[in-house]
Amino acid sequence: MTDQAYNFAYLDEQTKRMIRRAILKGLAIPGYQVPFASREMPMPYGWGTGGVQVSAAVLCPDDCFKVIDQGADDTTNAVSIRSFFERTAGIKTTTSTKAATVIQTRHRVPEMPLSEGQILVYQVPIPEPLRFLEPRESETRKMHSLEEYGLMHVKLYEDIARHGHIATSYAYPVKVEGRYVMDPSPIPKFDNPKLSDSAAIQLFGAGREQRIYALPPYSRVVSLDFEDHPFEASKADHSCGLCAAEDSYLDEVIVDDVGGRMFVCSDTDFCEARRAAGHKGKDAA
Amino acid sequence: MRVQTLEGGFSEPAMQAAQAFRAVMDAMARPGSFQTLNGATPPAPLSAAAGTVVLTLCDTDTPLYLAGALDCAEVRAWISFHTGAPFVAAADCMFALGGWADLMPLSAYPTGTSEYPDRSATLIVEMGTLSGEGHSLRGPGIRDTAHLSLPELEAFQVNHLQFPLGLDFIFASGESIAALPRSTEVF
């Protein structure tokens with residue numbers, strides 16, 4: 001049921017046009033952060049206001065919408081954003097990655113490869129990969145315009161000097177089409193390879209920071225690294241306790257107060273589909 | 001005011017604009033792919049596809065340049081009534097609308113600044129026909145190569161060389177569009 005008091009997908013048409021123009025420029029300049037006039041949304045900053053605005057601008061009445069929060073369809077954030085669009089846009093929602101046409105995500109890329117016709121919308125807290133190295137926007141903008149990314153390599157080098165390996169494990173910086181260094185949002189670096197050469201359109205929305213950026217399908221996205229310290233997509237060295245998957249990203253869950261723990265897939269849809277297909281992990285009841 | 005001016009807009013603005021934008025976005029994300037675009041019935045010589053792009057993306061915030069035969073009273077009145085977009089010279093526009101020859105020279109349009117390459121014009125080009133035969137395209141959004149009948153070659157090569165600055169193009173013919181962003185290499 002749609003709340004008729006609102007325009008389709010909550011935002012007014014002029015706001016959607018403004019966001020849509022930003023998305024088009026973002027697609028034309030992959031990895032470049034397009035400023036946009038982010039609106040107040042009926043949820044606090046940090047809860048995905050950027051992603052929600054991008055989703056509102058791209059959703060069509062016949063879309064099937066999925067929201068994941070750290071891979072899970074059933075967390076507060078995911079449930080409330082899903083019901084927000086059920087109410088304001090009257091669209092179908094799903095938890096199945098395969099059935100969804102638009103997927104809004106916080107900090108994960110689904111395990112299942114995406115297909116043409118799907119759109120992945122990322123919620124981004126800090127869109128500027130150089131922000132923690134250089135706090136001034138005027139300077140980071142200049143660094144992007146001059147392609148001056150030496151500082152980022154220094155940061156990765158300092159990781160190696162201090163820890164012996166690149167210790168950055170999430171929001172791992174990538175270079176898009178050999179030009180812009182981009183923050184992939186705080187996805188684990190395990191997910192970084194999925195950004196490259198994806199069949200889906202990937203859109204990134206940062207509400208508080210008022211930036212939109214995008215990756216067209218089949219874009220070349222390379223994680224920054226060094227010849228002698230190549231990028232490695234790491235995950236916990238276990239298999240899923242419920243579905244026994246060896247190749248999915250795992251969450252560590254503390255199960256009692258005497259140090260017991262289990263590892264489970266962070267992508268709940270992927271895990272459920274495997275269990276339904278008969279796979280069984282060592283902790284499955 | 002003529003009836004023709006008041007008619008031809010979206011009958012369901014929110015729904016039709018959403019569907020039209022998805023077509024435009026798919027075109028821009030997959031250069032060389034063709035998308036069907038309709039909903040608006042603008043006065044001649046504006047095509048349905050180009051008219052729908054204007055209704056979907058233009059409003060009072062987007063200065064628009066009309067080139068050649070499209071710069072006529074009927075089209076001006078229709079766009080003014082339905083979008084409120086101000087008409088400006090090529091150098092100040094965010095969107096330009098016209099036939100390829102009328103839109104020349106490309107050097108007249110803003111291509112953005114190195115710090116803000118998004119502050120650049122999008123050209124909506126009215127084409128007689130659009131086909132998937134012709135020049136080869138390569139770049140983001142294209143798996144291997146795509147093909148598109150472009151009005152010429154060199155202008156798009158020069159445009160691509162300016163990346164990340166440059167112009168983005170939406171080609172319209174009848175009820176069909178294709179797009180060519182600056183990121184696409186043409187050969």
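In what follows, chains carry the letters A, B, and so on, assigned in the order in which the sequence lines appear, proteins first and then strands, with residues in each chain numbered from 1.
Taking each heavy atom of A:Y218 and B:I142 in turn, the nearest pair found is CB-O, 3.9 Å. Closest heavy-atom contact between B:A17 and A:E13: CB-OE1, 3.8 Å. Closest heavy-atom contact between A:A28 and B:F163: O-CE1, 3.7 Å. Between B:A29 and A:P216, the shortest heavy-atom distance links the atoms O-CB, 3.6 Å. In terms of heavy atoms, B:P117 sits closest to A:Y180 at CG-OH, 3.5 Å. Nearest heavy atoms, B:R30 versus A:A199: NH2-O, 3.1 Å.
Note: A:L24 CG to B:T122 OG1 = 7.0 Å, rounded to the nearest 0.5 Å. The structure places OG of B:S183 at 9.0 Å from CG of A:L27, a figure rounded to the nearest 0.5 Å. Atom NE2 of A:H144 and atom CD of B:E115 lie 11.0 Å apart (nearest 0.5 Å). To the nearest 0.5 Å, the span separating CD1 on A:I201 from CG on B:D26 amounts to 4.5 Å. We find the CE-NZ distance between B:M28 and A:K25 to be 6.5 Å, quoted to the nearest 0.5 Å. To the nearest 0.5 Å, the span separating OG1 on B:T60 from CZ on A:R17 amounts to 7.5 Å.
Both the backbone and the side chain of A:R141 come within contact range of chain B, with heavy atoms under 4.5 Å apart. Proximity to chain A (any heavy atom under 4.5 Å) is shown, for B:L167, by neither the backbone nor the side chain. Only the side chain of A:V102 comes within less than 4.5 Å of a heavy atom of chain B; its backbone N, CA, C and O stay farther away. Residue contact with chain A, scored on non-hydrogen atoms closer than 4.5 Å, involves the backbone and the side chain of B:S120 alike. Heavy atoms closer than 4.5 Å to chain B are found in the backbone of A:A57, but not in its side chain. Within the 4.5 angstrom heavy-atom criterion, only side-chain atoms of A:E177, from C-beta onward, approach chain B. Both the backbone and the side chain of A:E116 come within less than 4.5 Å of a heavy atom in chain B. Looking at B:R22, only its side chain comes within 4.5 Å of chain A, counting heavy atoms on both sides. Looking at A:L11, there are no atoms closer than 4.5 Å to chain B (heavy atoms on both sides), in backbone or side chain.
Side chain of A:K16 to main chain of B:A14: no donor-acceptor pair is present (N/O by atom type, distance under 3.5 Å, no hydrogens or angles).
Taking the charged nitrogens against the carboxylate oxygens, B:D59 and A:R21 do have a contact shorter than 4.0 Å, which makes a salt bridge.
With respect to chain A, the highest number of heavy-atom pairs below 4.5 Å among B:S114, B:P181, B:G141 belongs to B:G141.
Taking 4.5 Å as the heavy-atom cut-off, the residues of residues 58-65 of chain A that approach chain B are A:V58, A:L59, A:C60, A:P61, A:D62, A:D63, ordered by number.
Taking 4.5 Å as the limit, some side-chain heavy atom of B:D118 sits within range of a side-chain heavy atom of A:P35.
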Take A:R20 and B:V24, measure what side-chain contact (heavy atoms from CB on, under 4.5 Å) needs, and give me the verdict at the end. CA-CA 10 Å; A:R20 286 166 179 165; B:V24 176; over 6 Å; no
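Atom CD of B:E12 has 12 or fewer neighbouring heavy atoms from other residues, nucleotides or ligands inside a 6.0 Å radius.
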